[in-house]
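None of these values were measured; they are calculated from a predicted model. All heavy atoms count here, side chains included; hydrogens, waters and symmetry mates do not.
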Amino acid sequence: MDTRVALIRDKTGGEGARQMKRTSLAIAVVAAIVASYGIGRYNSHSQSSNQTGRHLLYYVDPMHPSYKSNKPGIAPDCGMRLVPVFAEDIGNAQSSSPLAGLPTGAVAIDAPTQRLLGIRVAPVEKNGATRTVRVIGRVVPEDTLVYRVNSGLDGFIRETYNDSVGMLVKKDQKLASDYSPDFLAVASGFLAASERVPGAVGTDGNRTMPFPGTLSKQGVSSMQGYTDRLRNLGMSDVQIKRMADSRQLPESIDIVAPADGFILARNISPGQHFDHDMEFYRIADLSRVWVVAEIYEPEAPYLRPGGLAQINLKNEGRQLPARIADSLPQSEAGGGTVKLRLEVDNPKFILRPESVVDVELPIRIPPAVTVPLDALIDSGARSRVYVEHGEGIFEPREVETGWRFGERVEIRRGILPGERVVVEATFLVDSESRLKTPASGPAPARTTERPAGLPSHLRAATK
């Protein structure tokens, strides 16, 4: 029995030892294969370099040349195998390329490709011109011709007469009448003072002059004081003269128009009580008006006070001459525009307040280097154009821009008159230049996130 157990143990131990030997042998074989594969790859690269005599510089991502590595591998962004770059290849490419000696970003596009893409070049020009700026203007009353009729005391409105908004009124035309007990005392003092002034009235009871005669200083002072107080209360010179002629106290104060014009605002009605300094009417003389036009800030320096403009009235088929006012243009906060004021004679009151008109402003532009607007690639912080160097060679060049009018833009620095620049399909040339120029930043990291916004059946394919 003991002998059989010992035999079984010996047999089991022998099988375990043999299994361990087989496992160790397999591991050794795999390690040898891996080592030989690595040595072979190294030797193959070394032999290929030695055989061709080329010097290996680095490996690059074929999709993003800015990514470089000193050993072979997989690109982190696209999963493609890195490509070796040899010093001899770079030297040969630079020596044989027609772009040698030109700044980075220069591109070569043959004539058939240019015709296919619609690329066209034109010479840089230096010239000046007179251009017309067309904007919309708004008619407003001239503030020096706007009159406000206010109350000088507390009282109430007795009556109003043809005083609707928009009515044309004449100077001293009666618009309304009001009453206040405060003016009676002042009017009585005025009559008493006029009686004490010698020569104030003629022998027939009528006034020969407004306030004539040999007057004492005290009488003149008293008359003038009462007259000013009546005016301050709202009584017109016409009514003061009529009261002095009739020697009677008026029952109310007449509210009259201070000038010829149109009623812009009416704030009273019969029987209404009013307080001191309330505005009764606002009247504007529209024989001359302002037109406020909004222009861009770069255009403002070329429009001087006293310059001429033209107002176009399409409905009437008429044009009115205008003049740029001497007032300083008003800047709009954050808008990049300024409001220009034009003075316009308004015959027959064609222009009404708040109406909209077309304005033409001629602008004389001084001579400057200019290119078509389509030739400019404006990225915000920088601007550039593509200058032609020989047949089909285009060089990107940064420029400093100035004014822009119509289809042309001023170039203050960067190019010279006579040089030829791309003026059509410029964005295609710019795209080719960007593809040829290595990026300065690192390549984007590879992501495993699913693209957003894909349909459900495509999202499953990205898992």
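The distance from the NZ atom of Lys174 to the CD1 atom of Ile255 is 9.5 Å, given to the nearest 0.5 Å. For the atom pair CG (Asp110) and CD1 (Ile393), the distance works out to 10.0 Å, reported to the nearest 0.5 Å. Taking CD1 of Ile253 as the start and CG of Leu230 as the end, the distance is 7.5 Å to the nearest 0.5 Å. The OG atom of Ser164 lies 6.5 Å from the CZ atom of Arg266; values are rounded to the nearest 0.5 Å. Here OG of Ser383 is found 7.5 Å from CD1 of Ile411. Values are rounded to the nearest 0.5 Å.
Tyr161 and Glu159 are linked by a side-chain donor-acceptor pair at a separation below 3.5 angstrom, with hydrogens and angles left out of the test. Under the 3.5 Å distance criterion, with hydrogens and angles disregarded, a donor-acceptor pair is assigned to the side chains of Gln224 and Asp228. A donor-acceptor contact under 3.5 angstrom links the side chains of Glu294 and Thr337, judged on distance only. With no hydrogens or angles considered, a side-chain donor-acceptor pair links Asp163 and Tyr281 at under 3.5 Å.
Salt-bridge check for Asp260 with Lys171: failed, with every basic side-chain N at 4.0 Å or more from each acidic carboxylate O. A salt bridge links Asp245 with Lys241: the closest approach of a Lys/Arg side-chain nitrogen to an acidic carboxylate oxygen falls below 4.0 angstrom. The residues Glu343 and Arg288 are annotated as not salt-bridged, no charged nitrogen and carboxylate oxygen being separated by less than 4.0 angstrom. Using a cutoff of 4.0 Å between basic side-chain nitrogens and carboxylate oxygens, Arg384 and Asp430 are scored as salt-bridged. One finds a salt bridge joining Glu395 and Arg397 here, because a Lys/Arg side-chain nitrogen approaches an Asp/Glu carboxylate oxygen to under 4.0 Å. Salt bridge status for Arg134 with Asp358: absent, with no side-chain N to carboxylate O gap under 4.0 Å.
Considering only heavy atoms from C-beta on, Leu249 comes within 4.5 Å of Leu191 through its side chain. Residues Glu299 and Ile363 have side chains in contact (heavy-atom distance under 4.5 Å, counting atoms from C-beta outward). Taking the side chain as every heavy atom from C-beta outward, Phe394 and Val422 approach each other to under 4.5 Å. Proximity of Leu351 to Leu320: side-chain heavy atoms (C-beta onward) are separated by under 4.5 Å at one or more points. Residues Val399 and Leu376 are in side-chain contact: their nearest non-hydrogen atoms beyond the backbone lie under 4.5 Å apart. Considering only heavy atoms from C-beta on, Thr426 comes within 4.5 Å of Ile377 through its side chain.
The aromatic rings of His273 and Phe156 are tilted relative to each other, their planes meeting at an angle between 30° and 60°.
Heavy atoms of other residues, nucleotides or ligands lying less than 6.0 angstrom from CG of Asn162 number 12 at most. Residue-environment remark: OH (Tyr302) exceeds the threshold of 12 foreign heavy atoms within 6.0 Å. Atom CD of Gln319 is surrounded by more than 12 heavy atoms from other residues, nucleotides or ligands within 6.0 Å. Within 6.0 Å of atom CZ in Arg229, 12 or fewer heavy atoms from other residues, nucleotides or ligands are found, so the atom counts as exposed in its surroundings.
Of the possible polar contacts, none joining the Asp254 side chain to the Ser177 backbone as a donor-acceptor pair under 3.5 Å is found.
A side-chain contact (heavy atoms from CB on, under 4.5 Å) with Phe183 is found for exactly one of Asn232, Asp178, Leu233, namely Leu233.
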